[in-house]
Amino acid sequence: MKIETKITEAVQVIVEELYGQPVPEKMVQLQETRPEFEGQITLVVFPFTKMSHKAPEATAQEIGERLKEQLPEVISGFNAVKGFLNLCISSACWISILQEIYANPTYGFKPVTDDSPLVMIEYSSPNTNKPLHLGHVRNNLLGWALAKVMEANGNKVVKTNIVNDRGIHICKSMLAWLKWGNGETPESSGKKGDHLIGDYYVAFDKHYREEVRQLVAQGMDEEQAKQEAPLIKEAHEMLVKWEQNDPEVRALWRKMNEWVYAGFNETYKALGVSFDKIYYESETYLEGKEKVEEGLAKGLFYRRDDGSVWADLTGEGLDEKLLLRSDGTSVYMTQDIGTAKLRFQDYPIDKMIYVVGNEQNYHFQVLSILLDKLGFKWGKDLVHFSYGMVELPNGKMKSREGTVVDADDLIATMIADARQMSADKVNKLEDITEDEAQEIARIVGMGALKYFILKVDARKNMLFNPEESIDFNGNTGPFIQYTYARIRSIMRKWEATRPTPNPSLAGRGTDTNQAGLSVAEHSTPLPTREGQGEGLVLVPKEISLIQHLQGFEAAVRQAGQDYNPSCIANYCYELVKEYNQFYHDFSVLKEEDEKKRLFRIALSAVVGQVVKNGMGLLGIEVPERM
RNA sequence: GGUCUGGUAGCUCAGUCGGAUUAGAGCAACAGCCUUCUAAGCUGUGGGUCAUGGGUUCGAGUCCCAUCCGGAUCACCA
């Protein structure tokens, strides 16, 4: 049982005995003792002063004395400062806590069973007319991390992607390619497919704006010019042909989309993200119409004189929302309804999470109401994981204005920077092959990028300055990875000098549980409470490290409850910072007292394990050396 | 204008259920520490009216109200 739980229960009993009133669990507030005071766990006694009718200090004194009598873990040295009762917990207790964590390779994770709820997470969801940029990177990293976090909280997770592969914007790229492409292909030009298509999208826009400019110069007003420009009319014609299944248009569309997918897949691979099921809007957009007709028949929606179909949400405090155009074609909302229908046919969804930017808050508010009305049981409680925009110093990224940070460029830059960083190091790694160096640079560069994005609260807008490169020092991914590499270095040295490996523990290092989480990579014999740990007195830094380790479970739970991966990032940073201080002040392998040495080896091993698993939840790898 | 959302150090960000006379990290600046398990590290200095004004209470960066300033959204675009 956790020491906090023991204390909480004891306090409930003691306070009731002392003051004759039942104490709800919530009233017992425990926190980590501030470093400037002696002790490790602090009880806030203010809530009890109303019952005791005594000063906070006296109340704390009374409770403290009883606690000491009743719990062997609470040793002398407790002191009451104002309304705060600081408790000293015995070293033996802390060691046994470490022992428990050590013995549990999936520490912090809830198991996924057949009865676990099924959570579907939609993320990424790109348009196929331009390459991925930094905004998509944030989406992908958040989606992946959220999936890992939900899994760690005992949910079955299905990761899904809805590809927006049809519509006027794709037609623009197609048209531009037909007009000015001269048959260019990814093979002929050596361009990545998504970038090639993106270039034609930009080309379309350039020519289109020129046409509009000329029409305006001839005296047409701008709104009309935007609709009358020959290029846009041609694009619309192409869209109509697409909808009519014109073989030529469809063939071109298929070919160009394939180029884009090949490009996207490269970027996804570099980002380390993947999907269990991919939906294409071209296959789902018609499904929504049926559902809308169904709702119309049930009287949930209504049809206007011009034939368009609307949902009246004024009763919910919202506006009226268009569901089908007057020509019968579907809009964005209709497509999401259709996708929802297909998904529910494919999976027994208990909870649906959409990872989509906060600019679409209104859309998902409406979607939730509509799905609920249409009878989707998860509609009402669907989660819009609404993340903030990535802003540049000059404001938002805009594809058309070319003010975007390209994902592929950024990834390449990060890896090159990481490579340079290790080349510049004073303590360079010797005996390392070119391939290994490149692999380390990839892990570290991606770690820097991913951590940079995931450490900030997903809900908030964040700033990226392309002029300043992403840091590798301080509160960064590489800082955490570096600590892991240091720990692994200690482990390698120790294992090399160890007389005989413990056979009963051999082979644990390669195990993987069903959630795909890596298992402890250590086989260190740990001093136990009744055995070797006897009489060991820990220094404050060792105790606070164990306390931090104990906090991992809470961090995982909170990240899951709040849908907030940044909890995990911040947790890892705090843990690793603490470990680096310990590492600096105390030697592990050169400690002469064998009990202490073994304890510190085990402590280091557990820190390494938790760091690896924690970073794993963020999709960040950790290197053996760097 | 309606709705939603944010405002914490020069910059980027933490701050959990409201808790400790002194609100934390990192970057940038300055000063130290490699003969030592990896210096991508550690230690120190300077830097704050937690947007503003009220309220709630033993106690407010945190909760409530008002105001100021930003952002998003309110399309027969997606």
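Here is the naming used below: chain letters follow the sequence lines, and residue numbers restart at 1 for every chain. Keep in mind that what you see is a predicted model, and the values were worked out from it rather than measured. Side chains included, hydrogens not; waters and symmetry mates left out as well; all remaining heavy atoms used.
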Applying side chain to side chain contact (heavy atoms under 4.5 Å, CB included) to A/V456 and not counting sequence neighbours gives A/R138, A/M462

List the residues meeting side chain to side chain donor-acceptor pair (under 3.5 Å) with A/N475, not counting sequence neighbours, and say none if there are none. A/Y451

Please list, chain by chain and in numerical order, all residues satisfying salt bridge (Lys or Arg N to Asp or Glu O under 4.0 Å) with A/D305, sequence neighbours excluded. none

With the stacking rule set at 5.5 Å and 30°, tell me whether A/F84 counts as stacking on B/A20. yes

A/Y332: which residues meet the side chain to side chain donor-acceptor pair (under 3.5 Å) condition with it, sequence neighbours left out? A/Q360

With sequence neighbours excluded, tell me which residues meet side chain to side chain contact (heavy atoms under 4.5 Å, CB included) with A/E436. A/I432, A/T433, A/R625

Pull out every protein N or O sitting under 3.5 Å from an N or O of nucleotides 15-18 of chain B, one pair per line with the distance.
{"unit_1": "B/U16", "atom_1": "O2", "unit_2": "A/Q558", "atom_2": "OE1", "d": "3.2"}

Partner set under side chain to side chain contact (heavy atoms under 4.5 Å, CB included) for A/E553, not counting sequence neighbours: A/Y107, A/R557

I'd like to check the salt bridge (Lys or Arg N to Asp or Glu O under 4.0 Å) partners of A/K54; sequence neighbours left out, ordered by chain and number. A/E62

Strand-adjacent residues in residues 323-337 of chain A, judged by heavy atoms under 4.0 Å from RNA chain B: A/R325, A/S326, A/V331, A/Y332, A/Q335

Can you name the atoms? Protein N/O to nucleotides 43-45 of chain B N/O, anything below 3.5 Å, with the distance.
{"unit_1": "B/U43", "atom_1": "OP1", "unit_2": "A/Q581", "atom_2": "NE2", "d": "3.1"}

Using Watson-Crick or G-U wobble pairs with both distances under 3.5 Å, give me RNA chain B in dot-bracket, 5' to 3', with [ ] for crossers and | for pairs to another strand. (((((((..((((.....[....)))).(((((.......))))).....(((((..]....))))))))))))....

Under the salt bridge (Lys or Arg N to Asp or Glu O under 4.0 Å) test, which residues partner A/K425, sequence neighbours left out? none

